There are 2 protein chains.
Amino acid sequence: MPKINENFTKIPASYLFSEVARRVNEYKTANPTHNIIRMDIGDIKLPLPDACVDAMIRAANEQRSAVTFRGYGPEQGYEFLRDAIRNNDFRSRGIDIASDEIFISDGAKSDTGNIGEIFSIDNYVAVTDPSYPVYVDTNAMAGRAGEVNTNGMWSNLVYLQCNADNGFTPYLPEIKVDLIYLCYPNNPTGATLTKSQLACWVDYARKHGAIILFDAAYEAFITEDDVPHSIFEIEGAAEVAIEFRSFSKTAGFTGTRCGYTVVPKQVTSRNEKGENISLNSLWNRRQTTKFNGTAYIIQRAAEAVYSPEGKIQVKNLLDYYKQNSNIIRTELIKAGYTVFGGINAPYIWAKTPNGENSWDYFDFLLNKKNIVITPGSGFGHCGQGYVRFAAFGKKEDVYEAMNRLCT
Amino acid sequence: MPKINENFTKIPASYLFSEVARRVNEYKTANPTHNIIRMDIGDIKLPLPDACVDAMIRAANEQRSAVTFRGYGPEQGYEFLRDAIRNNDFRSRGIDIASDEIFISDGAKSDTGNIGEIFSIDNYVAVTDPSYPVYVDTNAMAGRAGEVNTNGMWSNLVYLQCNADNGFTPYLPEIKVDLIYLCYPNNPTGATLTKSQLACWVDYARKHGAIILFDAAYEAFITEDDVPHSIFEIEGAAEVAIEFRSFSKTAGFTGTRCGYTVVPKQVTSRNEKGENISLNSLWNRRQTTKFNGTAYIIQRAAEAVYSPEGKIQVKNLLDYYKQNSNIIRTELIKAGYTVFGGINAPYIWAKTPNGENSWDYFDFLLNKKNIVITPGSGFGHCGQGYVRFAAFGKKEDVYEAMNRLCT
């Protein structure tokens, strides 16, 4: 009988958000008439921008005719979308990224999950604590994380602690690491790094030969000037960083699935002979072998994000969520919570009022207030005693939830 | 500096179909006015069925309104599609598959590529030779294939030779293997297994504790009664098989991206303690951690394949390609080629007329006849001296290509 990948047996049987969904469904079944307000998973309530829907419908109609039909596209994505991204997300900020350094995908979850495949399992990996569970779980599944202890911490991972004392911005690793996952604006804490803070990480990576896996899925929520939208705004980053981007939160694509990954041609790692190997070519080999490209009509929807109408509609959508963030942050503070984030991010990170365990407070909010949040401990050991509020709901629900919390 | 996954350096730098595309583009650049007929990659010429386009447009319009908008869906796929598949592809054939044994994805390439993640790299893997390159390449990338020799053959893979002598149906492995990739109707040879032949493989798997990874991407092209559409038509297969399906060739989804994988709950593998572990739960953990579901509108398009109009439109599309297969097969035989396949598959596997090397004959057909095929050697050592013709073109192009070959 085949042997399974033993690493799978070490990780918790259930992914964080699956466990949240399970508890919510259990409560709903028992209390079908209760009005539950969801502020948990980063799903979104506003519909897809019209420009994107219109583009999808045009593309769908092209698929109806043999003359305009598109079959297999390039695994890396169509030129029209890669060029639009290059021009709008990078050139417009003075960043020189070539179209063939951009790989279109079905979302940042897939890419941040799959990127580990191009690296040896012998590398030392640093993750912030708390962090998006996909970084830890996928390294554990690959066997790169070692063994797990009763706190859910892995023997071979280097945890960069984020807590109230350091304002949820981690210190540089004390020991040499090879791969560093950074997510800014941060999920789940909403913390950011300034340009000079991020430059310290790029310097570290250049000095110690590390690669930064930079998750910029929430860059569109930045409101302050000194917060970089891309790691490639930092000089030298193109030699040491890979960046992940998503249309999910930016433009309402959670159910439409599109994202992209930037792998500059300069960024290299070492093979056994000590030669430098281009990560762009390795990622290209991975994608061409195990992925057949994102649907044509979805890529046309993503392209429409950069159209003149698309830009206005996306801005309106983001403004709405940014107002939600502000309401949640302000009201939680008024209600006496200690909060972080919410200024450059759609996430507000709040300490449980009386030091309750995160899951206990989750159950309390679900059962007594009919509000669903994400328990901070689901993001790592340092998240214990915190909960994450997401700002993607309808404004009236956000107000209603804040009312319930204050009474 | 991080170490790369060294296995990537062992595989050819270019995926088979990328190399075909490179040579074609080089020829086109040099000869921009030549009328090239493509019978290579399994791309398709007929547009998406109207029922699917209509469903996508309805779904796209739902995404326009906050009331009907869908964000993150279940990673495993929506119930409506899983139920439609269960009823139409399985129950209708008397096969009892539950909806939660069906995992919707963005295509069979991703799933056949990613399935290896749930297994230990210590397993012995058997592949037919020739076979779809994804099976070999992804096992090589994972480190399960060992070392490669100058013929492109891997030390730890067990090759099940398919050749003219055995009618391109392989014999059972002589040594014990753990995982067996089978693709029937076969890509690239167009060969099939009868029910009793496939039952021998299921028996082997049950006796030796192997798992069969059964790629049924071409089942819709079956014309003969005794050829199984699903491995689950064979008694006992649900204990030892995983099946991959695709809408790409069946319903024109090459550029729309949807497929699915069936992992029955009975199929298990062993952990280090010798316990049986459900592969359904492992695949579920893989998919929930590294994938965020297929786009909602794409799943609605796939659902429409099973609507009354959809079924008629898909049948027409398949009939068209089946006629092409028949034309190619008949004309090649008339022209003196030795051919296989093409009866229950959209692929015709032909011996090069004078024993030419596959790539030499590829270059000859490209340069002298302006016809693109796929060189058989790209599918494995036993493919040397063969080429694959695909039946997905326009009928007039198929006739024109056959004319060029006969003159």
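Predicted, not measured: the structure shown is a model, and the values here were computed from it. To find a chain, count down the sequence lines: A is the first, B the second, and so on, and within it residues start at 1.
Going from atom NZ of B:Lys3 over to atom CG of A:Asn271 covers 12.0 Å, rounded to the nearest 0.5 Å. Rounding to the nearest 0.5 angstrom, the gap separating the CE atom in A:Met56 from the CE atom in B:Met56 is 9.5 Å.
Per-residue heavy-atom pair counts under 4.5 Å with chain B were compared for A:Tyr296, A:Tyr72, A:Phe69, A:Phe119, and the maximum is reached by A:Tyr72. Ranked by non-hydrogen atom pairs under 4.5 Å with chain A, the options B:Leu279, B:Thr256, B:Asn292, B:Leu48 are led by B:Asn292. Ranked by non-hydrogen atom pairs under 4.5 Å with chain B, the options A:Val240, A:Asp111, A:Thr268, A:Asn284 are led by A:Thr268. No other option in B:Thr112, B:Ile298, B:Thr288, B:Thr68 has as many heavy-atom pairs under 4.5 Å with chain A as B:Thr288. Residue with the most contacts toward chain A among B:Glu62, B:Met141, B:Glu75: B:Met141 (heavy-atom pairs, distance under 4.5 Å). Between chain B and the residues A:Cys258, A:Ser248, A:Ser65, A:Gly252, the most heavy-atom pairs under 4.5 angstrom are made by A:Ser65. Heavy-atom pairs under 4.5 Å with chain B were tallied for A:Gly143, A:Ala21, A:Ser120; the largest tally goes to A:Ser120. Among the candidates A:Asn7, A:Ile277, A:Asn114, A:Val67, the residue making the largest number of heavy-atom pairs closer than 4.5 Å to chain B is A:Asn114.
Heavy-atom distances place both the backbone and the side chain of A:Gln63 under 4.5 Å from chain B. B:Leu46 touches chain A through its backbone: at least one of N, CA, C or O sits under 4.5 Å from a heavy atom, while the side chain does not. Both the backbone and the side chain of A:Lys109 come within less than 4.5 Å of a heavy atom of chain B. Interface residue B:Asp50: backbone and side-chain heavy atoms are both found under 4.5 Å from chain A. Contact of A:Lys249 with chain B is made through the side chain alone, with heavy-atom distances under 4.5 Å. Heavy atoms closer than 4.5 Å to chain B are found nowhere in A:Lys394, neither backbone nor side chain. Within the 4.5 angstrom heavy-atom criterion, no atom of A:Gln299 approaches chain B.
Heavy-atom contacts from other residues, nucleotides or ligands closer than 6.0 Å to CD of B:Glu272 number 12 or fewer. Applying the 6.0 Å contact sphere to OH of A:Tyr124 captures no more than 12 heavy atoms from other residues, nucleotides or ligands. The number of heavy atoms from other shown groups lying within 6.0 Å of NZ (B:Lys207) does not exceed 12.
The two atoms that bring B:Ala66 and A:Lys45 nearest to each other are CB-O, 4.0 Å, heavy atoms only. Looking at every heavy atom in both residues, A:Val134 comes nearest to B:Thr289 through CG2-O, 3.5 Å. Residues B:Pro2 and A:Ser269 approach most closely at O-CB, 3.3 Å, considering heavy atoms. The nearest pair of heavy atoms linking A:Asp106 to B:Phe291 is OD2-CE1, 3.1 Å. In plain terms, the two heavy atoms of A:Gly71 and B:Thr254 that are nearest each other are CA-OG1, 3.2 Å. A pairwise comparison of heavy atoms in B:Lys290 and A:Glu117 identifies NZ-OE2, 4.1 Å as the closest pair.
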Requested in this report: Would you sort out whether B:Ile4 and A:Ile118 count as a side-chain contact (heavy atoms from CB on, under 4.5 Å), showing the intermediate values?
Outcome: CA-CA 6 Å; B:Ile4 63 162; A:Ile118 66 172; over 6 Å; no
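Contacts of B:Arg300 classified as salt bridge (Lys or Arg N to Asp or Glu O under 4.0 Å), with partners at least two apart in sequence or in another chain: B:Glu303. Legend: residues meeting salt bridge (Lys or Arg N to Asp or Glu O under 4.0 Å) with B:Arg270, ordered by chain and number and at least two apart, are absent.
The pair A:Arg64-B:Asp54 meets the salt-bridge criterion, since a charged nitrogen lies less than 4.0 angstrom from a carboxylate oxygen.
At a threshold of 4.5 Å between non-hydrogen side-chain atoms, the residues B:Arg257 and A:Arg257 do not count as touching. Using a 4.5 Å heavy-atom cutoff, the side chains of B:Asn5 and A:Arg286 are not in contact.
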